[in-house]
Asks: 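Before I ask anything, let me first share the structure, which is written out below as structure tokens.
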Amino acid sequence: LLLLLLFCCFVVMLSRKKGSVLVVANEQRRFAICRHGTMMKAIACVLAVVLGVCQIRLSVGLDNGLGVTPAMGYNSWYDVECSTDMTEKVIMASADAMVSTGLAKLGYKYINLDDCWAKGRDAHGAVFADNATFPSGMAKLADYVHAKGLLFGLYTDRGTNTCGGRPGSQDSEVIDAKTYANWGVDYVKEDSCHAPNTHASGYAQYGKMRDALNATGRPIYFSLCGWSDWYAPVGYSLGNSWRISRDDTNWGGVITNINVNAKLANYAGPGGWNDPCLLLGNTSKNVARVTEVQQRTQFSMWAVMASPLLISSNIRQLSKFALETYSNEEVISVNQDKLGRQGIRLAGADLSAHEKEAEHMHHDTSMVSDLPEQQNIWGRELADGSWALVFVNNGKTASNMTCASACLAPTGFDGTTTFTVRDLWEHEDIGTATGAGYTIINVPAAGGSAMVKLTFKP
């Protein structure tokens, strides 16, 4: 901080001497303009912006250095939930599968247990695992996961109990954080059941766990699960990711959460991400929550939205299609892009409006275009200056979809610009186009999509 302050003084003196206006980008990648008055005001202004640029977290932030890109891995919830399959044996087999399928080499590192692993608290208040389903204990299970070159995650709740009725962390944040660190835990998801649903209580309780995890000295990724978009503006000060809506559960939930996330892009970036929930597939009982087409669309959308890629399905028995979906290195590279900008909706409106779930709706009709009601086009700027685009068709019939000039305007590709087009699912360059517009032919219906990368051609 002292070096930064000295640097600021130097910059301020230069700018005052030249009568300039200093313009720098802050952590949300907008612009702050500091017109220099007194020396102290100028120093304060520059220092504040420099701290934003460097994303330095002070005492109110999560000081763990994690989440530079969105987390990737496995979460047990939609695979086994609180069934008889929520066992040590299944979790070990899931870790084995993460390695044997090659997913671990692609960046899927976290093996995260969701609800129903804990049983109670001992005489000292320390939480302990259910001995019937996890007889070796959490420390031994963490060792097993670590031996595979993977990372180990656990679940808790900010309330008195978890959603499944197991011990919550309310007023036990310090001892729980110490326990997790002693076990070798690398990731903590904290839910919001059996807790007050107010802004003040949510911020305060998540702040307690954040501080307790910080105090252990062990880098532990902290995932808030508060189910509400009002966590986004403060999420970066509390954790590495924050749930912005309901559980996705099925395709209706997926598109609801896509819509909620449409207005939250400015709050995400390296170190902290909007979390629209888990990647859906089949369960341990081989029950499919989404179609294959929808599964691929969700993966494409989670990539362009810079969302955590946590597979919550039976990775021990992935279909060939599912493995191909989760193994697409070109799409993964979009998700993990170092620029760290969440994608935005370029065209279309609320895909979830027809779901008739009014209590969960966050309607956003601010984006209008020539697209039919059940179509969206999203885009994400990448570090190399290219853009990844996803065309989503939630209508009843296959359709041609056009990103016209107004749709392309935020990308910087105008009518005089020529760009190459690469299909990220077919893994091939498919021609060139201009900023006047680009059309995808025959996008599948009922949640179908196409994903391309546009690269400027000199």
Side-chain angles (χ1 to χ4, degrees), residues 25 27-30 67-72 107 232 236 241 244 254-255 257-277 279 296-309 325-326 328-349 351 364 366-367 369 371 375-393 401-404 406-414 417 419-425 427 430 433 435 437-438 440 443 449-456:
E27 67 181 353
Q28 291 185 3
R29 299 165 188 87
R30 295 174 181 175
V68 176
T69 58
M72 298 175 61
Y236 201 87
S241 62
I244 48 88
V254 169
I255 59 178
N257 291 359
I258 288 172
N259 186 67
V260 173
N261 210 13
K263 59 182 180 293
L264 304 177
N266 283 339
Y267 302 118
W273 308 97
N274 292 310
D275 178 7
C277 206
L279 293 171
R296 186 155 289 185
T297 295
Q298 185 189 20
F299 193 67
S300 297
M301 282 301 304
W302 264 228
V304 85
M305 294 193 303
S307 304
L309 298 181
T325 296
Y326 297 140
N328 187 324
E329 294 186 61
E330 292 192 78
V331 177
I332 291 172
S333 70
V334 171
N335 177 264
Q336 298 288 295
D337 185 73
K338 300 302 182 183
L339 185 61
R341 288 190 179 176
Q342 178 175 312
I344 58 175
R345 183 154 54 193
L346 298 174
L351 285 172
D364 177 8
S366 59
M367 179 65 71
S369 72
L371 292 179
Q375 294 183 1
N376 266 196
I377 299 173
W378 285 64
R380 180 180 179 184
E381 184 181 7
L382 305 178
D384 64 359
S386 63
W387 278 73
L389 267 59
V390 178
F391 295 68
V392 181
N393 179 17
M401 293 181 62
T402 298
C403 187
C407 167
L408 285 171
T411 70
F413 296 123
D414 58 26
T417 305
F419 50 84
T420 60
V421 183
R422 182 170 179 80
D423 189 317
L424 298 188
W425 285 106
H427 306 293
I430 55 176
Y438 182 73
I440 298 286
V443 179
S449 63
M451 188 174 188
V452 297
K453 183 177 179 181
L454 308 183
T455 302
F456 174 71

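Model, not experiment: these values are computed from the prediction.
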Asks: Could you tell me whether E330 and R422 have a side-chain N and a carboxylate O separated by less than 4.0 Å?
Replies: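 Salt bridge flag = yes for R422 with E330.
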Asks: Check the pair Y326, F299 against ring-ring contact (aromatic ring centres under 6.0 Å, His included), reporting the backbone distance first and the verdict last.
Replies: CA-CA 7 Å; Y326 297 140; F299 193 67; 5.6 Å; yes
Asks: Within this structure, what is the CD-CE distance for the pair Q298 and M305, rounded to the nearest 0.5 Å?
Replies: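 Here the interatomic distance stands at 8.0 Å.
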Asks: Using side-chain heavy atoms (C-beta onward) and a distance below 4.5 Å, is N335 in contact with T69?
Replies: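 In short, these two side chains do not touch, never coming nearer than 4.5 Å.
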Asks: On a heavy-atom basis, which atom in I430 and which in V452 lie closest, and how many Å separate them?
Replies: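 Smallest interatomic distance, heavy atoms only, reads CD1-CG1, 4.4 Å.
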Asks: Would you mind reporting whether F391 and T402 have side-chain heavy atoms less than 4.5 Å apart?
Replies: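 With C-beta onward as the side chain, the pair stays apart.
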Asks: What I'd like to find out is whether the side chain of T325 reaches to under 4.5 Å of the side chain of W425, using heavy atoms alone.
Replies: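 T325 vs W425: side chains touch.
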Asks: Measuring from R380:CZ to L346:CG, what's the distance to the nearest 0.5 Å?
Replies: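 Rounded to the nearest 0.5 Å, the CZ-CG separation comes out at 13.5 Å.
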Asks: Any chance you could measure I377, atom CD1, to Y438, atom OH, to the nearest 0.5 Å?
Replies: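 Between I377 CD1 and Y438 OH, I get 11.5 Å after rounding to 0.5 Å.
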Asks: Locate the shortest heavy-atom distance separating K453 from S386; write the atom from each residue and the value.
Replies: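 Closest pair (atom of K453, atom of S386, distance): CE-OG, 2.9 Å.
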Asks: Test side chain to side chain contact (heavy atoms under 4.5 Å, CB included) on H427 and N328 and set out the steps.
Replies: CA-CA 9 Å; H427 306 293; N328 187 324; 3.3 Å; yes
Asks: Within a strict 4.5 Å, meaning less than it, do heavy atoms of the I244 and P276 side chains meet?
Replies: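 Contact flag for I244/P276 side chains = yes.
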Asks: Does the side chain of N259 come within less than 4.5 Å of L351's, by heavy atoms?
Replies: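 With C-beta onward as the side chain, the pair stays apart.
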Asks: Identify the heavy atoms of I344 and A265 that sit nearest to each other, and give their distance.
Replies: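 Scanning both residues, the minimum pair turns out to be CG2-CB, 4.0 Å.
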Asks: Run the numbers on V260 and N274 for side chain to side chain contact (heavy atoms under 4.5 Å, CB included), then give the verdict.
Replies: CA-CA 10 Å; V260 173; N274 292 310; over 6 Å; no
Asks: If you compare all heavy atoms of A450 against all heavy atoms of V443, which two are closest, and at what distance to 0.1 Å?
Replies: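 Reported closest heavy-atom pair: N-CG1, 4.3 Å.
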Asks: With heavy-atom distances below 4.5 Å as the criterion, would you say the side chains of W302 and I258 are in contact?
Replies: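 Side-chain contact under 4.5 Å: yes.
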Asks: Find the distance between CG (D337) and CG (D384) and round it off to the nearest 0.5 Å.
Replies: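 Spacing of CG (D337) from CG (D384) equals 7.0 Å.
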Asks: Give a yes or no answer on whether the side chain of Q342 reaches the backbone of N261 with a donor-acceptor pair at less than 3.5 Å.
Replies: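 Side chain of Q342 to backbone of N261, a donor-acceptor pair under 3.5 Å: yes, one is there.
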Asks: Within this structure, what is the NZ-CG distance for the pair K338 and L382, rounded to the nearest 0.5 Å?
Replies: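 K338 atom NZ to L382 atom CG measures 13.0 Å (nearest 0.5 Å).
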Asks: Show the nearest heavy-atom pair for residues S449 and V390, with the distance to one decimal.
Replies: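 Closest approach of S449 to V390, heavy atoms only: CB-CG1, 4.3 Å.
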Asks: Assess whether side chain to side chain contact (heavy atoms under 4.5 Å, CB included) is satisfied between L408 and L454, documenting all intermediate values.
Replies: CA-CA 10 Å; L408 285 171; L454 308 183; 3.8 Å; yes
Asks: How about F413 and F456: are their ring centroids closer than 6.0 Å?
Replies: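 No.
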Asks: Using every non-hydrogen atom in the two residues, find where P70 and S307 come nearest and quote the distance to one decimal.
Replies: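 It is CB-O, 3.5 Å.
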Asks: First locate atom CE of M301, then atom CG of N376, and finally report the distance between them rounded to the nearest 0.5 Å.
Replies: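 Taking CE in M301 and CG in N376, the distance rounds to 7.0 Å.
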Asks: Is there a side-chain contact between D275 and W273, using heavy atoms and a 4.5 Å cut-off?
Replies: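 The answer is no, as the side chains (C-beta and beyond) never meet within the 4.5 Å cut-off.
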